[in-house]
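Each remark here refers to the structure printed beneath this line.
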Amino acid sequence: MRHSPGHGAGKPRTIRYMSEKGRGIAKMRCSKDLIWALKHLRRPHEDRILWIDAICINQRDNIERNHQVENMAVLYDQAFNVCVWLGRDNEESKMAIDFIKNEIMEFQNFDDLCERKENTNKWKALLSLMQRPWFSRRWVVQEIALARKATIHCGKDSLDWKHFAIAVELFVEVETATHRLSEVMKKDIEYYHVPGWFEYVSELGASLLVQATGRVFRDYKTEASTDGNGVPQHNAPSSRQPLLSLEYLVSTMSIFDASEPRDAIYALLAIAKDTTPLAVDLQPSQSTVEGTTRAALGTFTERKLYPVHYDLPYEDVCSNFIQFCLEHSEPSRALDIICRPWALAETGFNILNPGGPAVAPTMPLPSWIPQLSGAPFEMMPQAGMAVKKMGRKNADPLVGLPILQRNYDAGEGKSIDRQALRFVKRTGHYSLYIKGFILDTVQQVEVPSQGGSIPEEWLKLAGWHDPTAAETEVPEEFWRTLVADRGKDERNPPMYYAKACKESITKGGIQSGAVNTANLINNERNSIVAQFCRRVQAVVWNRRLLKSKRGFLGLGNKHVQVGDKVCILYG
């Protein structure tokens with residue numbers, strides 16, 4: 001159970017606990033949320049042994065925290081059960097858990113659940129359960145991924161993690177593929193006024209957590225991990241092989257937050273296929289914990305020791321991560337990491353003294369350490385809803401994830417020039433020196449896309465002056481730029497996108513100054529147009545259309561200016 005005492009979880013309270021070696025009773029301050037968890041998880045008439053990091057780790061001692069990051073893998077891998085405390089129960093949480101246990105797990109009736117108006121409150125309750133704060137914390141990714149067995153607790157109610165994961169997978173699969181559940185919500189007079197009720201449910205922390213935990217490891221059965229009857233042994237060495245790189249994990253877990261920004265990296269070291277955490281004050285030959293951690297996850301030659309150093313300036317922690325990616329990624333795409341937002345902002349929260357003054361950053365992060373202010377999604381208030389909802393705030397990164405096959409290569413396969421590569425830190429700024437060439441210069445820029453719309457000025461820049469005329473064709477370079485010349489999952493764009501673009505321009509309200517892609521998605525009864533508009537939103541949101549001196553159309557962020565250089569960086 002992961003918990004940050006006294007930060008974002010209610011006013012701290014005092015608990016009593018048995019001090020070291022059982023000598024007397026000691027007191028410590030903790031959050032109200034932790035006290036409720038202990039009240040519900042304790043057993044009235046027998047002892048129960050729980051490990052809770054807010055109690056068992058001295059959060060004010062950076063040396064101890066360095067060491068405990070190493071221990072986490074062993075602890076969660078060998079735990080008999082991981083208790084997930086979501087908070088106190090209410091009517092909605094009870095409804096959601098009952099819905100999972102008694103209806104969703106009855107697969108034969110699942111289609112009926114997705115189509116009947118009577119189930120709208122149940123799907124809404126499940127969404128509320130998935131949006132509990134626990135699912136937004138960075139450390140839970142490791143904890144659930146390593147857990148042999150996990151149980152969700154919400155007040156007095158409990159649920160096997162596997163059943164919850166199945167429910168979330170089905171929810172996301174149905175909504176992402178068909179948007180059928182959002183359509184059902186429109187049938188209910190209480191919810192019909194909110195379009196796309198479950199839009200972006202796949203980007204919720206709970207959805208990404210379920211998806212990630214199914215992909216992090218490949219399990220292998222060994223004699224040591226089972227008894228003579230094939231029953232798993234909870235304290236046996238792990239027989240699981242990690243499958244995902246640290247770069248991939250950090251790049252895809254941007255929705256998960258942490259009060260300590262260094263944990264954007266440190267919280268994922270133990271489950272990455274290419275890293276093993278090691279406290280900075282230990283030499284590899286002296287570290288017994290390192291040996292234990294490797295025994296727990298298996299010894300793999302590609303797993304490198306990664307230093308855990310909470311006293312290191314944050315910009316150096318980020319720079320070290322970038323350098324690690326450059327050294328261990330495919331050379332022709334190693335620099336993709338500087339095009340994906342991943343770095344948590346320094347909030348000033350002082351974890352060593354939570355009630356004390358904020359800690360000022362030592363220097364602003366450089367542009368080659370992209371911050372999560374540029375991430376595509378965020379929980380935000382939504383018109384017509386009393387609670388926050390996942391929504392888009394920026395376009396997706398234009399580079400794919402490390403494991404996806406690319407369908408273009410700007411540098412034509414030319415690898416990063418390691419002789420030119422340098423990191424230089426000076427007073428007030430941090431520089432990364434890399435090699436490439438200047439391709440072109442920006443000559444014209446148009447207004448940014450607001451809310452994923454297509455501004456009228458963009459059509460004029462592309463030379464499409466009478467878009468509503470029946471006989472005019474969509475300029476190919478224009479529609480391809482709107483979708484970044486790609487379709488879903490980094491594939492080549494389908495040719496019907498040209499027809500869908502024409503239809504969108506015709507019916508999207510261009511006469512008002514912009515094509516409203518959101519209206520087309522929610523109101524136009526055409527799934528092809530809706531699919532095209534969703535792709536457009538993922539590419540143009542908050543970006544500007546530009547034209548270069550050589551006459552090329554392109555997209556840049558909202559800060560791009562006339563005179564900016566268009567460069568290709570090797571790697």
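Positions are given from 1, in the same order as the sequence printed here.
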Which residues share a salt bridge (charged side-chain N to carboxylate O under 4.0 Å, His left out) with E412, sequence neighbours left out: none
Min side-chain heavy-atom separation I57-M72 under 4.5 Å: yes
Y266 and F321, any side-chain heavy atoms less than 4.5 Å apart: no
Contact check, side chains of V82 and Y76, non-hydrogen atoms, under 4.5 Å: yes
Test item: side-chain donor near acceptor, Q531 and S527, under 3.5 Å: no
K549 atom NZ, neighbour heavy-atom count above 12 within 6.0 Å: no
E260 side chain vs R262 backbone, donor-acceptor pair below 3.5 Å: yes
Approximate separation, where rounding is to 0.5 Å, of Q561 CD and K558 NZ: 13.5 Å
Backbone of G413 reached by a side-chain donor or acceptor of D409 within 3.5 Å: yes
CA sep, side-chain torsions, deciding dist, call: L365, Q371, side-chain contact (heavy atoms from CB on, under 4.5 Å): CA-CA 8 Å; L365 292 180; Q371 298 186 60; 3.8 Å; yes
Can I get a per-line list of side-chain donor-acceptor pairs under 3.5 Å for residues 202-209, giving both atom names and the distance, sequence neighbours left out?
residue, atom, partner, partner atom, Å
S207, OG, V201, O, 2.7

Derivation of the side-chain contact (heavy atoms from CB on, under 4.5 Å) call for R180 and E175: CA-CA 6 Å; R180 189 163 33 150; E175 179 61 20; 5.6 Å; no
D440 vs K565, salt bridge (charged side-chain N to carboxylate O under 4.0 Å, His left out): CA-CA, chis, key distance, verdict: CA-CA 6 Å; D440 210 337; K565 303 299 183 185; over 6 Å; no
Any donor-acceptor N/O pair, R550 side chain to L439 backbone, under 3.5 Å: yes
Rounded distance [0.5 Å steps], CZ in F198 versus CE in M130: 9.5 Å
Flag for Q537-T517: side-chain donor and acceptor within less than 3.5 Å: yes
Plane angle bin for F135 and F164 - parallel if under 30°, tilted between 30 and 60°, otherwise perpendicular: parallel
Side-chain donor/acceptor of N516 to backbone N/O of S453, under 3.5 Å: no
Short side-chain to backbone donor-acceptor contact, R240 and D77, under 3.5 Å: no
Heavy-atom side-chain contact between L569 and F437 under 4.5 Å: no
Under 3.5 Å: donor-acceptor pair, side chain of W458, backbone of V447: yes
Side chain to side chain, D396 and V539, heavy atoms closer than 4.5 Å: no
Residues L546, E446; criterion side-chain contact (heavy atoms from CB on, under 4.5 Å); working and verdict: CA-CA 6 Å; L546 60 88; E446 285 300 345; over 6 Å; no
Donor-acceptor side-chain pairing of E247 and S245 below 3.5 angstrom: no
Backbone N/O of R486 and side chain of R535: donor-acceptor pair under 3.5 Å: yes
4.5 Å side-chain heavy-atom contact, P277 and Y306: no
Ionic contact status for R138 with D263, cut-off 4.0 Å: no
Atom CD of E173: over 12 foreign heavy atoms under 6.0 Å: no
Close side-chain approach of L545 and F478, heavy atoms under 4.5 Å: yes
Any side-chain donor near an acceptor of the partner, S449 and R543, under 3.5 Å: no
Short side-chain donor-acceptor distance under 3.5 Å, S182 and E199: no
K425 atom NZ, neighbour heavy-atom count above 12 within 6.0 Å: yes
Whether over 12 other heavy atoms sit under 6.0 Å from I63 CD1: no
Polar contact flag, side-chain donor to acceptor under 3.5 angstrom, Y248-D274: no
Backbone of A518 reached by a side-chain donor or acceptor of N522 within 3.5 Å: yes
CA sep, side-chain torsions, deciding dist, call: F532, V529, side-chain contact (heavy atoms from CB on, under 4.5 Å): CA-CA 5 Å; F532 170 77; V529 168; 5.7 Å; no
Validation row: L246, I265 side chains within 4.5 angstrom (heavy atoms): yes
